[in-house]
Amino acid sequence: MVTARFGNRPLVTGERGLVAPSAPTGPVNDRSQRLPFRQASQEELKAAYRRLCMLYHPDKHRDPELKTQAERLFNLVHQAYEVLSDPQTRAIYDIYGRRGLEMEGWEVVERKRTAAEIREEFERLQREREERRLQQRTNPKGTISVGIDATDLFDRYDEEYEDVPGSSFPQIEINKMHISQSIEAPLTSTDTAILSGNLSTQNGNGGGSINLALRRVTSAKGWGELEFGAGDLHGPLFGLKIFRNLTPRCFITTNCALQFSSRGVRPGLTTVLARNLDKNTMGYLQWRWGIQSAMNTSIVRDTKTSHFTVAMQLGIPHSFMMVSYQHKFQDEDQTRVKGSLKVGFFGTIVEYGAERKISRHSVLGATVSVGVPQGVSLKIKLNRASQTYFFPVHLTDQLLPSAVFYATVGPLVIYFAMHRLVIKPYLRAQKERELEKQRESTASDILQKKQEAEAAVRLMQESVRRIIEAEEARMGLIVVNAWYGKFVNDNSRKNEKVKVIDVTVPLQCLVKDSKLILTEASKAGLPGFYDPCVGEEKSLKVLYQFRGVLHQVMSADNEALRIPKQSHRIDADG
């Protein structure tokens, strides 16, 4: 048996007949373009080409519509054979698929090259494209932090100031703000310039600074970075940062800095040594010397379902111990709940909170901080792509149960109300718009593929008849009914329309020796199939007979399927 692919359509010849492919009419997904025919010789490919040409030759069909579709399939087979029969194009397609053939530059490449030489040339062309894209990439990152003083909500002095105009309403003030932004400018494949700046203000006083860093990747094991900065609060800054992999499981980072000011030169040095303790655990040892000297050690364990950190610091002026835990729920919203305890010379802080993905590029989180003597605060954070918006709200300087209650319950009530009334309807409408846009852009293409699939099914009839006769003689595999598309079984979705197509004949045509094997790929690319509901979840439902007994199975679109199986058997008593 010889099997080949052109685009995402298989060209198959077998013992009991020929399987007719449906010709692709638009861009092909490159992930399914590799040609699984490396064991097939040129003679086998020629034999397969001749057999397919005999099946699809327009002169073999008298029906005008079928004749037109046969011409399309005949042309597809011819195009596929042109690729497979030429050693160079076959090698390019075998390694990189259609994207390799479509890349500019092959016309100047000397022919009769080996596969290794072709691979090297492809990588060179790809590097040139990558360098052109590199010049256009800036990777912007930014943070906006707005501090809010809401202590008047809980710490009021109504009796003393009840005669003051406007004192009946709590005063909520913005007491500090911080804005930072950075962009990257790749200079070469190894050199990058990073420009960053920030502005800060607190209680009417503030300032800003600007920094320029030049980073060079020296090898696969390390990089170095020079930093220059200036600001109105501090004088010029000069820094040097070095990263180096010591072993495959250990690395070190060193940061040296010189801060110039009216008080003189203030040197600083920070060194971090890290080591992989096991697959999911990292250990860190940090030493910082300068204005605030300290030594810090921490262990971080990060798994698929949890994140655990324990840290201890000895230093001036802060020494503390900290333990934090985060649980990751395996849901589509990537929900996480977290809690931490921090004890030090400054007091004790307990924090708990949660974060959740609210759209494709946005994550919303809230954390309640309760401490002595810090009081109670609510911290709200929104990550939107590469931008972070942070809103720390200081509620009270005391440990008031009412402040803790409202800081905990308030964000939950607001979130669930917003999610139900705003976020969920918005996401549903956005998904519908995307689906409608996708349907409109592919409508003509899907219609043409539907016509080609129907023509391919008619071309399969004779082969299917012979396969069924052979399977009946051996009490083998007979596909009674098969449907592909969107099934609605949930009562909550009963208003949605079922969109399925009958694929009984195409599936029976794929049966060989009483077996049907489908790989982990979308079934829409199989001969005689097409996509009846673009952009929506699809399934394949098969009712088949084996050894005279009915079986039934339903599999997801990208799920591998192998039949017959004992588990598919329909219980006679049911």
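Predicted model, so just to flag it, every value in this text is computed and none were measured. Throughout, numbering of the chain's residues begins at 1 and tracks the sequence. Scope of the values below: all heavy atoms of this structure, side chains included, with no hydrogens, waters or symmetry mates.
With D513 contributing its side chain and K515 its backbone, the two residues share no donor-acceptor pair below 3.5 Å. At distances below 3.5 Å, at least one donor-acceptor pair connects side-chain atoms of R249 with backbone N or O atoms of L277. A donor-acceptor contact shorter than 3.5 Å links the side chain of Q181 to the backbone of K141. When atom types are taken as modelled, the side chain of T192 and the backbone of A185 share no donor-acceptor pair closer than 3.5 angstrom. Remark: the backbone N or O of K328 is not paired with any side-chain donor or acceptor of R336 at under 3.5 angstrom. Remark: the backbone N or O of R356 is not paired with any side-chain donor or acceptor of Q334 at under 3.5 angstrom.
Here D333 does not pair with K357 in a salt bridge; the nearest charged N to carboxylate O distance is not below 4.0 Å. Under 4.0 Å is where a charged nitrogen must lie from a carboxylate oxygen, and between D531 and K523 no such pair does. Comment: K338 does not engage E351 in a salt bridge, judged by the lack of any side-chain N to carboxylate O separation of less than 4.0 angstrom. The pair K499-E536 meets the salt-bridge criterion, with a side-chain N (NZ, NE, NH1 or NH2) lying under 4.0 Å from an Asp/Glu carboxylate O.
Pairing each heavy atom of V479 with each of T504, the nearest pair is O-CG2, 3.5 Å. Taking both residues in full, the closest heavy atoms of I467 and C509 are given as CD1-O, 3.6 Å, listed atom of the first, atom of the second, then distance. Looking at every heavy atom in both residues, G485 comes nearest to P532 through CA-CG, 3.8 Å. Across every non-hydrogen atom of V217 and W223, the tightest pair is CA-CB, 3.8 Å. Residues D502 and A482 share a closest heavy-atom pair of OD1-O, 3.3 Å. Taking each heavy atom of S514 and P564 in turn, the nearest pair found is O-CD, 3.3 Å.
V503 has its side chain out of reach of W483: every pair of non-hydrogen atoms, C-beta onward, lies at least 4.5 Å apart. Here the side chains of H361 and R384 are in contact, with some heavy-atom distance below 4.5 Å. Between R301 and D278 there is a side-chain heavy-atom pair separated by less than 4.5 Å. Looking at F251 and N276, their side chains never come closer than 4.5 Å, going by heavy atoms from C-beta outward. In this structure, the side chains of D557 and L540 stay at 4.5 Å or more apart for every pair of heavy atoms. The shortest distance between side-chain heavy atoms of T305 and F329 does not fall below 4.5 Å. For the pair I563/K565, no side-chain contact is recorded, criterion being any heavy-atom separation below 4.5 Å from C-beta on. When side chains are defined from C-beta on, L550 counts as touching V480, because their heavy atoms get closer than 4.5 Å.
The closest side-chain donor-acceptor pair between S359 and Y426, if any, does not fall under 3.5 angstrom.
Of the options V542, L543, V553, V549, a side-chain contact (heavy atoms from CB on, under 4.5 Å) to H568 is made by V553 and by none of the others.
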Stepwise, does the salt bridge (Lys or Arg N to Asp or Glu O under 4.0 Å) test hold for E469 with R465?
CA-CA 6 Å; E469 288 177 356; R465 183 185 63 78; 2.8 Å; yes

TODO: Take S522 and N558 through the side chain to side chain donor-acceptor pair (under 3.5 Å) test and state the conclusion after the steps.
DONE: CA-CA 5 Å; S522 175; N558 292 298; 4.8 Å; no

Open item on the list: Before you tell me yes or no, could you show the steps for I478 and V511 under side chain to side chain contact (heavy atoms under 4.5 Å, CB included), namely the whole-Å CA-CA distance, both residues' side-chain angles and the distance that decides it to 0.1 Å?
Closed with: CA-CA 9 Å; I478 304 295; V511 172; over 6 Å; no

### Message
Would Q326 and V337 count as a side chain to side chain contact (heavy atoms under 4.5 Å, CB included) here? Give the steps.
### Response
CA-CA 6 Å; Q326 182 181 95; V337 295; over 6 Å; no

- side chain to side chain contact (heavy atoms under 4.5 Å, CB included) evaluation trace for N280 with K304: CA-CA 9 Å; N280 300 308; K304 186 177 180 180; over 6 Å; no

Q387 and Y389: CA distance, side-chain angles, deciding distance, side chain to side chain contact (heavy atoms under 4.5 Å, CB included) verdict: CA-CA 7 Å; Q387 301 294 315; Y389 305 91; 3.9 Å; yes

(Q) Determine whether N481 and Y544 satisfy the following criterion, side chain to side chain donor-acceptor pair (under 3.5 Å), listing intermediate values before the conclusion. (A) CA-CA 7 Å; N481 279 307; Y544 64 93; over 6 Å; no

Next on the checklist: Walk me through whether Y484 and S539 qualify under side chain to side chain donor-acceptor pair (under 3.5 Å).
Outcome noted: CA-CA 6 Å; Y484 173 68; S539 301; over 6 Å; no

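Distance CD1/I423 to CE/M418: 6.0 Å, rounded to 0.5 Å. Atom NZ of K381 is separated from atom OG1 of T367 by 7.5 Å, given to the nearest 0.5 angstrom. Rounding to the nearest 0.5 Å gives a distance of 7.5 Å between CZ of F308 and OG of S324. Summarising the geometry, atom CZ belonging to R547 is positioned 12.0 Å from atom CZ belonging to R569; distances are rounded to the nearest 0.5 Å. L516 contributes atom CG, which lies 6.0 Å from atom CG of L561 (distance to the nearest 0.5 angstrom). Between the OG atom in S306 and the OH atom in Y325 there is a gap of 4.5 Å [rounded to 0.5 Å].
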